[in-house]
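Both ligands and their constituent atoms are indexed starting at 1 by order of listing. One-based numbering along the sequence shown.
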Amino acid sequence: MMVTTGTLVDADTTSDYYSFTGTKGERITAAVTAQGLVMGSPQGDDSSIIDAVITIYDASKKQIAQDDDPWPRTGRDPQVFTVLPADGTYYLVVNDCNTAFPFGGCSPANLVFTFDYTLFVADVDQLTSPEANQGAEPNDTANAMSPQIGYVLPPMALPGQYGLYTVDGDFASAADVDVFSFTPPVDTAVSAGQRAHAEFWFQPVGTNNGDGSTSNAKAWIVDSADVTKHLSEIDQSNYSDGDNPNNGPADLTFPVVLNHQYYLFVQHQSLVSKPTSDFYFARHFVGSFSYGQLEASPDNNNSLATAEKLFTPGMVTPGNFFVDGNISSPGMNGDIDYYTMDVPAGLTQALLFCDAQRQGSGLRNAKFELLNVMGNPLGPSNILSELPNMEVYLGGISPVTLPANTTKILLRVSAGSQDPNVTGTFYRCSIFLQ
Ligand SMILES: [Ca+2]
Ligand SMILES: [Ca+2]
Ligand SMILES: [Ca+2]
Ligand SMILES: [Ca+2]
């Protein structure tokens, strides 16, 4: 384990170089804290502080892994995971986004005034945040021997705040499947008005802004009572990396029952098998990682007139809304969910981010629309049905402009069909008024 402090000379030219030695197959993580050193840094996205990037090279200076922002994205401070391919020397470079990616996508270098950081490098099995490794093959079926995610409260944690875990393994062949068991603790903290979710954030693959793996993973969650039924499923080949606003990395999620056993299946998902470099890392959390007001009743919100009201959670900026619902029966004459939101005075634009299939749900062609009180689309009706390889959102450079004096808007959610092999019907949306 190595902890060191540094200060970048600038944010657009100069890199800091480190070296370390490692062994073949060693699972390591490296993290830089820069935003996190500054008290009050707004959610880790302060443009006056370096936007650090970590890049790891082998002894021949070939890039093997890289991370700009962490997944889950908690800000701009990077954390990279990888498996070392050989015994020997490795080089680790810390620099700013502008130095690592000179062709754009970074906050301007001339706005950066704080260059201090700490660098932490460790074996994944030495982290305070516990590792669930696949263990010895064969481990391809769900049974009492399946490696378990060992929930334990981190030091100083609040009751039920079980923290983050790392789930990892490698693919011995093109047919390899690894199975993990998890039972969310009965006292897992769940925010008021929400339901518990298990989240598995699969780290992007590839050597550019990825963990260096040469295989995508297909991953699904099953109930221990029926391991053949896929509750939630993602195929990583549909996802990209954390710097792609239109197709980010995969978060496999499912609303779980506490104190109930589930299994996570992770399967090799590439044409070619490269056992020495086909591996996976997923970060895991159970509880309330994100906001999501639980839909009160699937069938009381089926019309404009009976839209369910969304509330801004306590301590959150007024005008931010979050919902966690289900389309109980997708299709032409199926379930439709309407929600209503009060627009705080002075706010004139709306952003919308939603996921269903993108987070593993079996809903297909889920449709998310912002409407006025008459039920007509707000602005251009340009929300396409959800596709497996594209984020559904209204925002970025084109937020929805609210007509003058708008005091109320609505969200309408529907879905085209149910995947025949995935039973989950959940979706989640965030609405930000600005
Ligand atoms: Ca970064
Ligand atoms: Ca394996
Ligand atoms: Ca296996
Ligand atoms: Ca409904």
### Message
If I consider every N, O or S atom in Asp337, which one ends up closest to the Ca ion (ligand 4)? I only need its name.
### Response
OD1
### Query
Is the Ca ion (ligand 4) less than 3.0 Å from an N/O/S atom of Asn301, whether that atom is in the backbone or a side chain?
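Given the 3.0 Å cut-off, Asn301 counts as a ligand of the Ca ion (ligand 4).
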#### Entry: Contact check: Asn302 to the Ca ion (ligand 4), N/O/S below 3.0 Å
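Short answer: yes, at least one N, O or S atom is under the cut-off.
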### Query
Which angle, to 10 degrees, forms at the Ca ion (ligand 4) with O of Ile336 on one side and OD1 of Asp335 on the other?
80°
Between [X] and [Y] (side chain of the first, backbone of the second, donor and acceptor by atom type, cut-off under 3.5 Å), is there such a pair?
X      : Y      : result
Asn98  : Phe101 : no
Asn209 : Asp68  : yes
Gln269 : Ala174 : no
Ser19  : Tyr91  : no
Glu391 : Pro245 : no
Thr306 : Asn300 : yes

### Task
Examine Asn139 and say whether one of its N/O/S atoms is closer to the Ca ion (ligand 2) than 3.0 Å.
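Within the cut-off used here (under 3.0 Å), Asn139 places no N, O or S atom near the Ca ion (ligand 2).
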### Query
Is the distance from the Ca ion (ligand 2) to some N, O or S atom of Glu137 under 3.0 Å?
yes
### Message
Can you tell me which N/O/S atom of Asp170 has the shortest distance to the Ca ion (ligand 2)?
### Response
O
### Message
Among the N/O/S atoms of Asp176, which is closest to the Ca ion (ligand 2)? Give the atom name.
### Response
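This residue's closest N, O or S atom turns out to be OD2.
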#### Entry: Val53 near the Ca ion (ligand 1): N/O/S under 3.0 Å
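Checking the Ca ion (ligand 1) against Val53, no N, O or S atom falls under 3.0 Å.
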### Task
Starting from the Ca ion (ligand 1), look over the N/O/S atoms of Asp69 and name the nearest one.
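It is OD1 of Asp69.
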### Query
If you look at Asp51, which of its N/O/S atoms is nearest to the Ca ion (ligand 1)?
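Closest to the Ca ion (ligand 1) among those atoms: OD1.
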### Task
I would like to know whether Tyr151 and His284 meet ring-ring contact (aromatic ring centres under 6.0 Å, His included); could you show each step before the answer?
CA-CA 11 Å; Tyr151 294 103; His284 169 64; 5.7 Å; yes
### Side chains of Gln203 and Phe279 in contact at under 4.5 Å (non-hydrogen atoms)
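Gln203 vs Phe279: side chains apart.
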### Query
Would you call Arg428 and Phe353 a side-chain contact if the rule is heavy atoms closer than 4.5 Å?
no
### Message
To 10 degrees, how wide is the angle OD1 (Asp68) to the Ca ion (ligand 1) to O (Ala52)?
### Response
100°
### Task
Take the Ca ion (ligand 2) as the vertex and measure to OE1 of Gln134 and OD2 of Asp178; round to 10°.
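Approximately 70° at the metal, rounded to tens of degrees.
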